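Shown next, in structure tokens, is the structure this report addresses.
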Amino acid sequence: MSRPDVVDSVAELRARIRDWRRDGQRIALVPTMGALHDGHLSLIKIALERADRCVVSIFVNPTQFAPSEDLDKYPRQLARDLYMLTMAKADLAFTPDVNEMYPPGFATKISVGGPSAGLETDFRPTFFDGVATVVAKLLLQAVPDFAIFGEKDYQQLCVVKQLCRDLDLPVEIIGAPTIRDAHGLAMSSRNAYLDEAELQTARQFNLILRKAATALAAGAGQEETIAEASRALIVAGFQKVDYVEARESLTLAPWRHDRMGRVLAAAWLGKTRLIDNVDVSTA
């Protein structure tokens, strides 16, 4: 089994993709920040079902981290990531450095309204500007037919879809189901920060959100249900809850009972911030 080719410049990336295009092949892109896990591998599987070639970008994007966040501590393990890409049969790894993505004099950012309002933005006000800018760059660099994003980062998925609609980017954005461990915990690179006791607490996260989503789907009052979910997270052992909210699935506007909905939440275990979400209609 051969390791995927590795390129670290936009020029090399475009040259490889140009050759594939010349042969009439379809391209899928899976953007990542590395520290790959089974969730990422599920995105690659979907990419290869849709396209002839799969490009995986590995870039820890500094513009989506605030000064107080964990940019320097974010796990970087390229050798292991390339091994996992080999097992997943990805065709190409794009591994640019910061100067390649943001060369000296770079002065542009993209700000997406709509689904970026509230939730993550209330606590990380510059986050989605950084996400939108780097995703737009990756999509313009690779010009894929498809790009695959996980539903675990549900607000991000909605922002990326809005970005592509608004800027007429010719790519189909595909949302992939969240991959969970045997206890229901959503796969995340940041799970590696958790000690054993915190891991046991983290596994209550999805159960509490599912209980809230089930209650909402059955007609329970939204304010009381959301407040109870927040209390339950603290009782379970989370130190702080940033938010638990019910939003419309497509727009992330405040949820109404006659619309498809999502319960989205962010909470802290020690120094680790976890996010998750549950579809109200399938809870």
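This is a predicted model, so every value here is computed, not measured.
Comment: Arg124 does not engage Asp242 in a salt bridge, judged by the lack of any side-chain N to carboxylate O separation of less than 4.0 angstrom. No salt bridge links Arg50 with Asp145; every basic N to acidic carboxylate O contact stays at or beyond 4.0 Å. Taking a cutoff of 4.0 Å between a charged side-chain nitrogen and a carboxylate oxygen, Arg16 and Glu12 do not qualify as a salt bridge.
A pairwise comparison of heavy atoms in Leu163 and Ala132 identifies CD2-O, 3.9 Å as the closest pair. The minimum heavy-atom distance linking Leu194 with Ala202 is given by the pair CD1-CB, 3.9 Å. A pairwise comparison of heavy atoms in Tyr102 and Thr133 identifies CE2-CG2, 4.4 Å as the closest pair. Across all non-hydrogen atoms, the minimal contact from Leu85 to Pro4 is CB-CG, 3.7 Å. Considering every non-hydrogen atom in both Leu264 and Gln155, the closest pair reads CD2-N, 4.4 Å. The minimum heavy-atom distance linking Ala246 with Ile226 is given by the pair N-CD1, 4.1 Å.
Using a distance-only test at 3.5 Å, with no hydrogens or angles considered, no donor-acceptor pair links the side chain of Tyr154 to the main chain of Val278. Under the 3.5 Å distance criterion, the side-chain polar atoms of Lys137 are matched with a main-chain donor or acceptor of Met101. Under a 3.5 Å cut-off, the side chain of Arg80 and the backbone N or O of Leu36 do form a donor-acceptor pair. Under a 3.5 Å cut-off, the side chain of Asp81 and the backbone N or O of Ala35 do form a donor-acceptor pair. In terms of modelled atom types and a separation under 3.5 Å, the side chain of Glu100 and the main chain of Val10 share a donor-acceptor contact. Distance alone, capped at 3.5 Å, places no donor-acceptor pair between the Asp5 side chain and the Ala93 backbone. His37 contributes a side-chain N or O that, together with a main-chain N or O of Gly39, makes up a donor-acceptor pair within less than 3.5 Å. Using modelled atom types, one side-chain atom of Asp52 and one backbone atom of Arg26 make a donor-acceptor pair closer than 3.5 Å. Distance alone, capped at 3.5 Å, places no donor-acceptor pair between the Glu228 side chain and the Thr225 backbone. Formation of a donor-acceptor pair under 3.5 Å by the Asp91 side chain with backbone atoms of Cys54 is found in this model.
Pro75 has its side chain within reach of Tyr193: a pair of non-hydrogen atoms, C-beta onward, lies under 4.5 Å apart. Counting heavy atoms from C-beta outward, Met187 and Asp181 have side chains that approach closer than 4.5 Å. Side-chain atoms of Phe128 and Thr121, non-hydrogen and from C-beta on, do get closer than 4.5 Å to each other. Side-chain contact between Val131 and Asn61: absent, with no pair of heavy atoms (C-beta onward) separated by less than 4.5 Å. A heavy-atom distance below 4.5 Å is not found between the side chains of Asp153 and Glu120. Counting heavy atoms from C-beta outward, Cys164 and Leu139 have side chains that approach closer than 4.5 Å. Contact check for Leu43 versus Phe149: no side-chain heavy atoms found under the 4.5 Å cut-off. Side-chain contact between Leu209 and Asn277 is absent, with no heavy atoms from C-beta onward closer than 4.5 Å.
Note that the CG atom of Leu169 and the CG atom of Leu140 stand 6.0 Å from one another [nearest 0.5 Å]. For the atom pair Asn99 CG and Asp8 CG, the distance stands at 11.5 Å (nearest 0.5 Å). Atom CD1 of residue Ile275 and atom CZ of residue Arg273 lie 7.0 Å apart, to the nearest 0.5 angstrom. Rounding to the nearest 0.5 angstrom, the gap separating the OH atom in Tyr243 from the CZ atom in Phe123 is 8.0 Å. A distance of 6.5 Å separates CD in Glu151 from CG in Leu157, rounded to the nearest 0.5 Å. Annotation: the span from Leu119 atom CG to Arg247 atom CZ amounts to 4.0 Å, rounded to 0.5 Å.
Residue Phe146 is tested with Leu29, Ile174, Ile173 for a side-chain contact (heavy atoms from CB on, under 4.5 Å); the sole match is Ile174. When Thr32, Leu138, Val6 are each tested for a side-chain contact (heavy atoms from CB on, under 4.5 Å) with Phe94, only one passes: Leu138.
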- Taking it one step at a time, do Leu92 and Trp20 satisfy side chain to side chain contact (heavy atoms under 4.5 Å, CB included)? CA-CA 12 Å; Leu92 185 67; Trp20 293 337; 3.8 Å; yes
- Item | Steps toward side chain to side chain contact (heavy atoms under 4.5 Å, CB included) verdict (Leu269, Leu199) | CA-CA 9 Å; Leu269 277 173; Leu199 192 58; over 6 Å; no
- Message: Could you walk me through whether His40 and Ser189 satisfy the side chain to side chain contact (heavy atoms under 4.5 Å, CB included) test, starting with their C-alpha distance in whole Å, then the side-chain angles of each, then the deciding distance to 0.1 Å, before giving a yes or no?
- Response: CA-CA 10 Å; His40 295 110; Ser189 300; 3.9 Å; yes
- Test Asp276 against Arg180 for salt bridge (Lys or Arg N to Asp or Glu O under 4.0 Å), laying out the working first. CA-CA 11 Å; Asp276 204 348; Arg180 302 181 181 278; 2.8 Å; yes
- Message: Using side chain to side chain contact (heavy atoms under 4.5 Å, CB included), reason through Ile58 and Met33 one step at a time and then give a plain yes or no.
- Response: CA-CA 5 Å; Ile58 297 176; Met33 293 206 300; over 6 Å; no
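A donor-acceptor pair shorter than 3.5 Å cannot be found between the side chains of Glu69 and Tyr74. In the model, Ser111 has a side-chain atom that pairs as donor or acceptor with a side-chain atom of Asp129 under 3.5 Å.
In Tyr83, the OH atom is not crowded: 12 or fewer heavy atoms of neighbouring residues, nucleotides or ligands sit closer than 6.0 Å. For Asp72, the CG atom sits in a loose shell: 12 or fewer heavy atoms of surrounding residues, nucleotides or ligands are nearer than 6.0 Å. When the shell of 6.0 Å around CE of Met87 is examined, it contains more than 12 heavy atoms from other residues, nucleotides or ligands. More than 12 heavy atoms of other residues, nucleotides or ligands shown are found within 6.0 angstrom of CZ on Arg165.
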